[in-house]
Structures are given as C-alpha cells and as structure tokens.
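Contents: one structure, followed by commentary.
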Amino acid sequence: MRGERHLAAVCPSDERGPEGPRGATGPQRLDAGRAAPGGGVGRQADNDAVRLATWNVNSIRSRADRVVAWLQRRDVDVLALQETKCRDDQFPEDRFTALGYEVAHVGHSQWNGVAVLSRVGLADVTIDFPGQPHWGDSPATEARALGATCGGVRVWSLYVPNGRALDDPHYQYKLQWLAALRETAAGWLADDPGAQVALVGDWNIAPQDDDVWDMRVFATSTHVSEPERAAFRAVVDAGYADVVRPHAPGPGVYTYWDYTQLRFPRREGMRIDFVLGSPALAARTTYALVDREERKGKGASDHAPVVVDLAD
DNA sequence: ATGGTAGCTAGGCTA
C-alpha cells in the first residue's frame, strides 16, 4: 500500500534532474524580502547555496495562494510542508510545478500529510523513515514523514505525533515515534558522518521553558513534559543541531500561535517547529529566520515558516 | 469548568 502511494505521490520534473540548471538568480539575503527576478524560478548554476524552509501550513489547499506568494517573495529553494490535510489526489501540485518546483507528497486523509517542494532537484523520495512506528490504520496518525534528497541535502519533512494528553495512548506513541527517529537518524550519521541531513518540521515539542510564553499554562500538558524534551535532546545528542536558534535567540521567538484567545496579537506562542541539521549541514548554515509576518492577517496558518540559508 | 478558532466535511474530530 505504502509503496504504491510512494510512486503515485512523486511528480518529478522531467527536464531537470538533481544536477540540473538552477535558473536565473543568485541567493538573496533573507531580510531583503524582495521578489525574485524572473519569477523566482531557480538559481544560477555557479553556486550551490540553498535556501531551505519548513512550514506547517494547516491545509495546503486552503493555503496554496499564500504559499505560492511566499515562495516567490522569499526566494525559497526547498520547502518542507506539514499538515497538508489532503489526500494525494487532492494535492495542488500544478501550483508549484508551474514555478519550477518538483513535488513529493503523501497524505492519507483530512489530517496530517507531509510534502517536500524543491527546485534544486528532488530524488530518492521515501515515505516514512525506517522503523517508523504506526498507529494501526488510523488515518489520524499516518503520513508523518517524507524524505527526499534536494540539492545534495537529505531533507526529512516530519510531523511528530501531537500526543494529545499525558494520559492518552497517543502520548506513548509520540515517545516511541521519537525514539525510533533518533535511532534511525543516529544510524545515518554512523554510516556517513559527513552526511548532509535536515530533520525539519513540526516537532510538537517546546524543548525549553523559554519556548512557551508561560510555563504555568502548560503544567499538565504535552509538548513541555520532561520525557518529550528528553526525546528531543536525544536527537540533538545524536548529532542534529538546532541551526535556527543561533540566528533567532529567545525568549519570545515562537513558531506557533493558537488561533484562539488572541494568542498571536498577545504574542503568546510556542517554539515547536525546528530545523535540526547534521554536522555537515550545520556547518553550512549562514542565516535563519522565523517568518513571523506570515502568521499575520486573514487566512494565515497557525504556524510561521522557518527558513535557513545554506552556504555553497 | 468551558470556550475560544480553523480545517475537513457535513456531525464531530483534530489541533
């Protein structure tokens, strides 16, 4: 089942492989914020700088216009998406292939679903990391991980299980899922210490007290519990560093704000979306940004995109 | 103690 979906989910651009031409413009500073010349379709072949981003979009169909505009405005090369919230046959691929992106996605239901868009090549698509545990056949807990090699970087778009509540069976599933991810990701570095790997997405964990606006609110909640934080640290200890934090120091730098209770205007958020990079990837990181602007206005996702620049 | 909002999909579940 999964294998068939895998092939059905991938829509490679036929005229450009992983080593293909990159297009018309060099990398811009993230803070420049200007539209890419030539419609933002690619980069020159004279450098291998890559702008990588991750975004929990809370439905790709309702967010497609916004994502398209943002990709062009920020001149992003590779975007990992979470909570696409659509089946594979519903994914609006054409919106992105029209901009020069190759698209890989997997979604089984109205919940979750992950994707990777890339205009610097997209190869070796893998649905689910090796050893990934599953919650029976429940569609609510499927479609959580997709890996693809983009411009020499192995990118994993991850949607870590939410956990729901400390006494909910989904919480134990979340911890098992994270343990399996750590085990697998540690193995990749054992096999190749120089591997360029990015573990990106919605981790549903706030690793430090500074990563929520008020710890008292979360006293009995998931996302901040010590076992979850230990599971996150274990991935970091396996060699995957938070490459954003050095460029976005806290407190008060969040990536998610609940739709309810005016959390965004009150600046009451959580930092739960991360780009964790292998040593070789971390060494290339030159700049990072949480694009809080994208949380503003009508039709925003409840998450902001997180962007990382990798040097050539 | 509940509700607040958004999305999918047509009553309730998930986040």
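Computed from a predicted structure; not experimentally measured. In what follows, every chain begins at residue 1, and chains take the letters A, B, ... in the order their sequences are listed.
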For [N], does OP1 or OP2 lie under 4.0 Å from any side-chain N or O of [X]?
X        : N     : value
A:Arg61  : B:dG7 : no
A:Ser62  : B:dA6 : no
A:Arg63  : B:dA6 : no
A:Arg263 : B:dG4 : no

Listed nucleotide nearest any side-chain atom of [X], set [options]:
X        : options              : answer
A:Thr260 : B:dT14, B:dT5, B:dA6 : B:dT5
A:Ser59  : B:dA15, B:dC8, B:dA6 : B:dC8
A:Gln261 : B:dT14, B:dT5, B:dG4 : B:dG4

Round to the nearest Å and state the distance from [X] atom [atom1] to [N] atom [atom2].
X        : N      : atom1 : atom2 : value
A:Tyr259 : B:dT14 : OH    : P     : 18 Å
A:Glu83  : B:dA15 : CD    : C1'   : 6 Å
A:Phe264 : B:dA6  : CZ    : C1'   : 16 Å
A:Arg295 : B:dA6  : CZ    : P     : 9 Å
A:Lys85  : B:dG12 : NZ    : C1'   : 13 Å
A:Trp203 : B:dA15 : CH2   : P     : 18 Å
A:Asp302 : B:dA15 : CG    : P     : 12 Å
A:Lys296 : B:dA6  : NZ    : P     : 18 Å

| said: With a 3.5 Å distance limit and no angle check, can you tell me whether A:Arg87 reaches the backbone of A:His108 through a side-chain donor-acceptor pair? | reply: no

| Looking only at heavy atoms, which two atoms of A:Val244 and A:Ala288 are closest? And how far apart? |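 Scanning both residues completely, I find the closest heavy atoms to be CA-CB, 3.8 Å.
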
Testing the 3.5 Å rule here: is there a donor-acceptor pair between the side chains of [X] and [Y]?
X        : Y        : value
A:Asp291 : A:Trp70  : yes
A:Asp128 : A:His134 : yes
A:Thr255 : A:Asp273 : yes

| message | What's the gap between B:dA1 and B:dG12 when it is taken at their P atoms, as a whole Å value? | response |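 My reading of the P atoms in B:dA1 and B:dG12 gives 24 Å.
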
| Using the C1' atom in both, what is the distance from B:dA10 to B:dA6, to the nearest Å? | 16 Å

| request: By nearest nucleotide on DNA chain B, pick out whichever of A:Asn204 and A:Asp258 is the more 5' one. | output: A:Asp258

| Which part of the nucleic acid does A:Tyr159 contact within heavy-atom distance under 4.0 Å: base, sugar-phosphate only, or nothing? | sugar-phosphate

